There are 2 protein chains.
Amino acid sequence: MASSPGIPDIVIGRLPIYLRALTQMLQQGHSITSSHELGQRLGISSAQIRKDLSHFGEFGKQGTGYQVDHLLNQLKNILQVDREWPVVVVGAGDLGRALAHYRGFVARGFRVVGVFDTDPKKVGTGEDENRVRNMDNLEDFIRKNSVRIAMLAVPAEAAQAVSDRLVAAGVRAILNYAPITLAAPPDVHVQYIDPVMHLQRMTYYLE
Amino acid sequence: MASSPGIPDIVIGRLPIYLRALTQMLQQGHSITSSHELGQRLGISSAQIRKDLSHFGEFGKQGTGYQVDHLLNQLKNILQVDREWPVVVVGAGDLGRALAHYRGFVARGFRVVGVFDTDPKKVGTGEDENRVRNMDNLEDFIRKNSVRIAMLAVPAEAAQAVSDRLVAAGVRAILNYAPITLAAPPDVHVQYIDPVMHLQRMTYYLE
DNA sequence: TAGATTGTTAATCGATTAACAATC
DNA sequence: TAGATTGTTAATCGATTAACAATC
């Protein structure tokens with residue numbers, strides 16, 4: 001999770017938000033926008049958006065604003081999603097299969113190229129790229145396909161062990177759906193998705 | 001999303017992380033811990049953990065640390081997850097069904113009490129509480145069951161309209177899986193889960 | 001030109017960390 | 001008692017915001 005250069009992590013975290021909003025704007029036919037308009041949509045100040053973008057260059061025009069498609073492409077380039085990253089899904093339970101079937105990845109830079117599970121009943125089920133593979137072949141597959149990104153949808157008890165195998169095989173980014181904090185080397189990026197944590201954050205404010 | 005009292009939002013957001021780690025510690029048989037130990041596990045400084053907790057009271061003992069089960073219960077109380085919140089899932093696609101089937105909610109304060117979809121082919125499928133209900137009955141169901149929390153797993157195009165209906169019916173917390181920013185009144189809390197945004201955040205650092 | 005909006009600097013605000021007295 | 005760790009204060013650090021010259 002180390003970030004050597006000068007750009008704050010929190011800024012990087014907002015770029016995908018901008019990217020998503022700009023994509024939507026383009027779909028809605030907006031060809032020009034401004035930091036003010038974008039900010040209003042997202043509940044972010046216009047100053048923050050301009051400041052964030054200024055870390056990477058100048059993308060706008062005084063008096064006019066930003067060309068949506070141009071800014072979009074710049075952000076894709078910065079985030080390195082102007083290409084298609086192969087991704088493996090580990091765990092073929094309900095969630096793993098939902099991830100494997102999800103149609104929204106490709107348009108945004110990712111393609112699920114392999115799904116893995118230990119359960120012999122699950123291995124072999126599913127169509128094409130979603131055919132569930134045996135976990136024994138995990139490392140081979142990752143190496144042969146130069147996979148750098150994995151989504152982890154196994155039970156909490158298994159998550160750390162699987163994570164270690166992924167890292168050893170060359171994975172450098174893990175999106176972990178198991179509700180535990182993973183231990184990983186500093187050059188491996190881990191992000192967490194745990195719906196319960198989001199819900200618990202909201203119940204604090206309820207009533 | 002308004003937070004009137006003095007406790008920073010960012011602090012509230014860390015409490016579920018502490019809660020999760022403490023639960024795991026208890027399972028592993030630790031009955032006592034310290035801010036230092038907890039911090040190491042989570043990659044957070046011990047000072048920050050003590051500072052965060054100090055907003056809510058004094059939960060430790062000098063020289064000793066924290067009684068895990070006691071701190072756990074205190075945090076559950078603060079976050080209001082020392083009870084069981086009824087939750088509806090809207091959208092019975094792959095993701096919605098995965099959420100409906102997920103066994104991990106109940107132990108952490110939430111119970112899926114209803115699943116809704118517009119598709120007549122889906123309505124009526126599923127067992128017991130997971131039986132998919134017709135969207136026409138959404139408002140009635142929410143009111144009758146005093147539901148305050150919803151998980152939104154519908155296509156992006158439908159999300160805003162469904163959100164408006166949920167809010168009108170009394171929902172005050174929405175966990176949105178659709179990849180769009182929702183517009184909602186200030187007293188409605190919205191959290192977002194978009195795996196692609198997490199992936200895009202990591203690709204920035206790859207290579 | 002007049003109006004609008006950028007990119008950037010300086011000021012403000014808030015969060016994190018370091019340090020330590022209190023005390024178990 | 002001696003060692004350890006809390007809760008809290010003050011210092012540091014970093015992020016956000018306000019303001020504005022530049023300029024399209």
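Protein chains get the first letters and strands the later ones, always in sequence-line order, with residue 1 at the start of each. If you're wondering where the values come from, they're calculated on a predicted model, not measured in any experiment.
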Do A:H101 and A:N130 have side chains that approach each other closer than 4.5 Å (heavy atoms only, starting at C-beta)?
yes
Flag side-chain contact, heavy atom, 4.5 Å: B:M25 against B:R41
yes
Identify, residue by residue, the members of residues 28-36 of chain B with a heavy atom below 4.0 Å from DNA chain D, and return them in order of residue number, or none.
B:S34, B:S35
Please find the earliest and latest nucleotides of DNA chain D, in the 5' to 3' direction, that have an atom within less than 4.0 Å of any heavy atom of chain A.
D:dA15 to D:dC24
Do you know which of B:L53, B:D82, B:V81, B:T23 makes side chain to side chain contact (heavy atoms under 4.5 Å, CB included) with B:L75?
B:L53
Sorted by number, residues from residues 47-58 of chain A placing a heavy atom under 4.0 Å from DNA chain C are A:R50, A:K51, A:S54, A:E58
Please list, in numerical order, the residues of residues 59-75 of chain A that have a heavy atom closer than 4.0 Å to any atom of DNA chain D.
A:K61, A:Q62, A:G63
Single hit among A:I180, A:T181, A:I174 for side chain to side chain contact (heavy atoms under 4.5 Å, CB included) with A:Y192:
A:T181
Check the pair B:R97, B:D94 against side chain to side chain contact (heavy atoms under 4.5 Å, CB included), reporting the backbone distance first and the verdict last.
CA-CA 5 Å; B:R97 273 176 283 133; B:D94 287 321; 3.8 Å; yes
Begin from the C-alpha positions of A:D52 and A:Q48 and carry the test side-chain hydrogen bond (donor to acceptor under 3.5 Å, both in side chains) through to its verdict.
CA-CA 6 Å; A:D52 284 351; A:Q48 178 156 89; 5.2 Å; no
What orientation do B:F141 and B:F116 show, parallel under 30°, tilted 30 to 60°, or perpendicular over 60°?
perpendicular
Just checking A:R83: does its CZ atom have more than 12 heavy atoms from other residues, nucleotides or ligands closer to it than 6.0 angstrom?
yes
With sequence neighbours left out, write down each residue that passes ring pair (Phe, Tyr, Trp, His ring centres under 6.0 Å) with A:F59, or none if nothing qualifies.
none
Looking at B:K144, B:R165, B:R133, which hits salt bridge (Lys or Arg N to Asp or Glu O under 4.0 Å) with B:E139?
B:R165
Quick one: the dot-bracket string of DNA chain C, using Watson-Crick and G-U wobble pairs with both distances under 3.5 Å, [ ] for crossing pairs and | for bases paired to another strand.
..||||||||||||||||||||||
